[in-house]
Amino acid sequence: MRNLRYFQAVLLLLLLTVSVSLSAQTALQQKLKDISSITESRPLESTQFTEKYVTYFTQPLDHRHPEKGSFRQRVIVAHVGFDRPTVIVTEGYGAAYALRPDYREELSQLLNANMIFVEYRYFLESAPQPLDWQYLTAENSADDLHAIRTAFQSVYPGKWIATGISKGGQTTLLYRTFYPDDVSLSMPYVAPLCFGAEDGRHEPFLRQVSTAENRKKIEDFQLEALKRKATLLPRFEAFCKEKKMEFRAPMEEIYDFCVLEYSFAFWQWGTAIDKIPASSATDDEIFSHLLEISGPDYFAIGGPSAPFFVQAARELGYYGYDTRPFKEYLSIKSAKGYLHRLLLPEELKDMPFDKTLSKKIKKFLKKNDPDMIFIYGENDPWTAAGVTWLKGKKNIHVFMEPGGSHRARISTMSEEKRKEVMKLIADALQ
C-alpha cells in the first residue's frame with residue numbers, strides 16, 4: 001500500500017510538472033511543435049518582435065524525388081501576432097545576419113508584420129552534406145519556400161508578402177512564377193533577370209551610367225591601378241598569402257580581374273565619386289582603395305558565394321567585363337568565360353547555361369499581372385538586367401530610384417514615392 005501511495009505521489013508530481021511546462025509555453029511555441037517538418041526550434045533574443053525563434057525544417061534534396069534524401073533548412077520565425085500579415089523573406093544567401101536581436105526586415109517593420117526568414121539551400125547551415133550540386137536549382141528553392149509557406153498556413157492565416165534583395169529578389173520573382181497563389185504581394189528589391197551566364201547588357205550599361213565625367217574618373221583609376229601593377233602586384237600577392245586565399249588562376253590575372261570588377265562594384269554599392277584617389281595618389285592610397293571596392297576575396301576558392309556562382313552559371317545568369325579600354329595592360333587576352341574558369345568548382349567548369357528558367361519567368365510576367373512591386377537603383381549595374389522593360393501592367397509596378405544603387409529601398413525613396421508604394425501595398429493586402 002505504501003508503494004502504491006508513493007507511485008501515486010510521483011505520478012501526480014509528474015503530471016503537475018508537465019502541466020506547468022505546457023502552460024509556460026507560448027501559443028506560438030506549441031504551434032511550432034505541431035509542424036512535423038520542424039525538427040528543432042530555439043528561442044532568440046529580439047528587440048523588434050515579441051517572440052523570435054530559429055527553426056530547422058527537413059526538406060527533400062529534390063522535391064520531385066523525395067527518396068533522393070533530405071537536408072535541414074534554417075528558418076527564422078519572428079512573431080508579432082497571429083492576426084497580423086506575414087512577410088516571407090526569400091533570402092538568396094545565408095541567414096546569419098537575421099539572427100541579430102535588432103534585425104527587422106523593412107516591410108515587416110512598415111506593416112508591423114510577422115517575419116518568416118528563409119535561408120537559401122546550400123548556404124551556411126542549410127548546406128546538405130555532402131554537397132551534390134545537381135539539386136541546387138531554382139525550382140527546388142521555390143519548392144522549399146512553398147513547403148514552408150504551407151506549413152505556416154494555419155499559424156498565420158492572414159495576408160502573406162514575399163520579398164527579397166538582389167539574389168533574394170530573384171528568388172521572390174521565381175517563387176511567384178512557380179507558385180503564383182502563395183502570396184498576395186511580391187516585392188523584389190534590385191532583382192535582375194539575366195538571360196545568359198554573361199548576359200551582355202551590363203557592359204553597355206556601365207558605358208552610359210551617370211555622367212561622362214564620372215565614368216572617366218573611374219576608368220582613369222582602373223588604368224592607374226594597372227599601370228602601377230609592377231609595384232602593387234607584390235603587395236597584392238603578400239596580402240592574399242596573409243589572408244590564405246587561393247585562386248584558380250595566376251595571381252597577376254586575379255589582380256587584373258579585381259581591376260575589371262572595380263567599375264561594377266563601384267556603381268553597385270553607390271560609392272561616392274570623391275572617394276576615388278587621384279592619379280597622383282600614393283601607391284598606398286591606390287592599393288587600399290582597390291581592395292576596399294573590389295578585393296580578391298571575391299575570386300578566392302571556397303568563398304561563401306560559391307553556391308551562387310554555381311546557380312549563376314547554371315540558370316540565374318551573370319555579367320561580363322569590357323576589357324577593351326585596358327587591353328594594353330592586361331595579362332589576359334579576354335575575360336570571356338571567367339565565371340566558369342575562376343569561380344566554379346572544378347567538376348562544374350564545363351556546365352552549360354540553361355535558359356529555361358529565364359524564359360519561364362519572362363513568359364509569366366508577360367502573360368500575367370499579379371500584385372508585384374519592383375524597386376531598382378538607377379546607377380546599379382544589376383538594373384541593366386532588371387524588368388524595367390515590362391510595360392502596360394495594372395498590378396505590376398516598377399520604381400526607379402534616381403541615382404540609386406543596389407541599396408535602393410522604400411526608405412531611400414522620396415517621400416512622394418514612398419507614399420505611392422505604401423498605397424499600392426495597402427491596396428494589395430485588402
Side-chain angles (χ1 to χ4, degrees), residues 57 73-78 85-99 103-111 113-124 126 136-149 152 159-180 182-194 268 304-305 307-308 311-312 315-317 357-358 361 364-365 370-377 380 382-383 385-387 396-399 401 404-412 421 425 428:
F57 269 71
Q73 186 168 30
R74 181 163 60 175
V75 178
I76 296 161
V77 181
T86 300
V87 173
I88 182 168
V89 180
T90 61
E91 174 57 52
Y93 298 92
Y97 68 95
L99 299 171
Y103 174 77
R104 189 162 193 179
E105 182 277 331
E106 183 176 60
L107 279 179
S108 173
Q109 186 169 38
L110 289 171
L111 301 173
N114 306 301
M115 182 184 74
I116 307 295
F117 193 105
V118 183
E119 183 167 77
Y120 205 100
R121 59 167 50 209
Y122 282 67
F123 286 88
L124 299 183
S126 299
L136 179 55
T137 67
E139 185 170 11
N140 272 327
S141 74
D143 293 341
D144 291 341
L145 293 165
H146 178 65
I148 292 165
R149 169 69 176 91
F152 279 98
K159 298 285 188 177
W160 280 63
I161 308 103
T163 189
I165 300 168
S166 192
K167 180 173 180 284
Q170 281 184 307
T171 308
T172 302
L173 176 54
L174 66 89
Y175 176 39
R176 193 60 183 261
T177 302
F178 282 98
Y179 292 99
D182 264 21
V183 297
S184 299
L185 171 67
S186 298
M187 194 158 180
Y189 294 83
V190 295
L193 176 56
C194 297
Q268 177 177 350
S305 294
F308 167 52
Q311 285 195 282
E315 58 184 345
L316 293 186
L357 176 67
S358 59
I361 295 174
F364 172 79
L365 291 173
D371 284 309
M372 301 186 75
I373 301 172
F374 292 85
I375 294 178
Y376 291 102
D380 179 12
W382 286 113
T383 299
V387 299
I396 301 179
H397 303 270
V398 179
F399 288 85
E401 181 188 335
S405 69
H406 212 54
R407 305 181 195 275
R409 307 288 186 269
I410 298 174
S411 61
T412 63
V421 169
I425 292 172

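Position 1 is the first residue of the sequence; numbering continues from there. These numbers come from a predicted model, not from an experiment.
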**Message:** Any heavy-atom pair between the side chains of Q311 and L357 that's under 4.5 Å?
**Reply:** no
**Request:** Please round to the nearest 0.5 Å and tell me the distance separating atom CD1 of I396 and atom CD1 of I373.
**Result:** 11.0 Å
**Asked** Just checking, is any N or O donor in the side chain of E106 or Y189 under 3.5 Å from an acceptor N or O on the other one?
**Response** yes
**Complete:** One should read off an interatomic distance between E105 CD and T163 OG1, to the nearest 0.5 angstrom, of 5.0 Å
**Prompt:** What are the two closest heavy atoms between V183 and W160, and how far apart are they?
**Reply:** CB-O, 3.5 Å
**Prompt:** What is the minimum heavy-atom distance between Y93 and E91, and which atoms define it?
**Reply:** N-OE2, 2.9 Å
**Request:** Carefully, step by step, assess Y179 and L145 under the rule side chain to side chain contact (heavy atoms under 4.5 Å, CB included).
**Result:** CA-CA 9 Å; Y179 292 99; L145 293 165; over 6 Å; no
**Request:** Verify side chain to side chain contact (heavy atoms under 4.5 Å, CB included) between F178 and D143, making sure each step is shown before the conclusion.
**Result:** CA-CA 8 Å; F178 282 98; D143 293 341; 5.7 Å; no
**Message:** Can you tell me how far apart CZ (R176) and CE (M187) are? Round to the nearest 0.5 Å.
**Reply:** 13.0 Å
**Item:** Note, I165 side chain near V190 side chain (heavy atom, < 4.5 Å)
**Value:** yes
**Message:** Using the rule given for side chain to side chain contact (heavy atoms under 4.5 Å, CB included), can you reason through I76 versus V89, listing the C-alpha separation, both sets of side-chain angles and the distance that settles it, and then say yes or no?
**Reply:** CA-CA 10 Å; I76 296 161; V89 180; over 6 Å; no
**Item:** T90 and T172: side chain donor to acceptor below 3.5 Å
**Value:** yes
**Message:** To check you understand the geometry: which heavy-atom pair defines the closest contact between F364 and P180, and what is its length?
**Reply:** CE1-CB, 4.0 Å
**Prompt:** For D380 and S405, which heavy atoms make the closest approach, and how far apart are they?
**Reply:** CB-C, 3.6 Å
**Asked** Under 3.5 Å, is there a donor-acceptor pair between the side chain of T86 and the main chain of N114?
**Response** no
**Request:** For the pair I161 and I425, evaluate side chain to side chain contact (heavy atoms under 4.5 Å, CB included) and give the outcome as yes or no after the intermediate values.
**Result:** CA-CA 9 Å; I161 308 103; I425 292 172; 5.8 Å; no
**Message:** What's the separation between atom OG1 in T383 and atom NE2 in H406, rounded to the nearest 0.5 Å?
**Reply:** 8.5 Å
**Message:** Is the ring pair Y97/F117 parallel, tilted or perpendicular, if the boundaries are 30 and 60 degrees?
**Reply:** perpendicular
**Request:** With rounding to the nearest 0.5 Å, note down the distance linking CD1 in I361 to CD in Q170.
**Result:** 7.5 Å
**Asked** Do V387 and M372 come close enough that some side-chain heavy atom pair is under 4.5 Å?
**Response** no
**Request:** May I ask you to say whether R149 pairs ionically with D182, meaning some side-chain N is under 4.0 Å from a carboxylate O?
**Result:** no
**Prompt:** So how far is it from S166 OG to Q268 CD, rounded to the nearest 0.5 Å?
**Reply:** 6.5 Å
**Message:** Quick check with a 6.0 Å cut-off and a 45 degree axis cone: is K167 positioned over the face of F308's six-membered ring?
**Reply:** no
**Prompt:** Is there a side-chain contact between T171 and V118 (heavy atoms, below 4.5 Å)?
**Reply:** no
**Prompt:** Would you find a donor on one side and an acceptor on the other, under 3.5 Å apart, between the side chain of S184 and the backbone of A428?
**Reply:** no
**Prompt:** Do S186 and Y175 have side-chain N/O donor and acceptor atoms under 3.5 Å apart?
**Reply:** no
**Asked** Does the side chain of E315 come under 3.5 Å of the side chain of T137 through a donor N or O and an acceptor N or O?
**Response** no
**Prompt:** By salt bridge (charged side-chain N to carboxylate O under 4.0 Å, His left out), which residues pair with R104, not counting sequence neighbours?
**Reply:** none
**Heavy-atom closest contact (P304 atom, F123 atom, distance)** = O-CE2, 3.5 Å
**Complete:** Correct closest heavy-atom pair for Y120 and A138 would be OH-CA, 4.2 Å
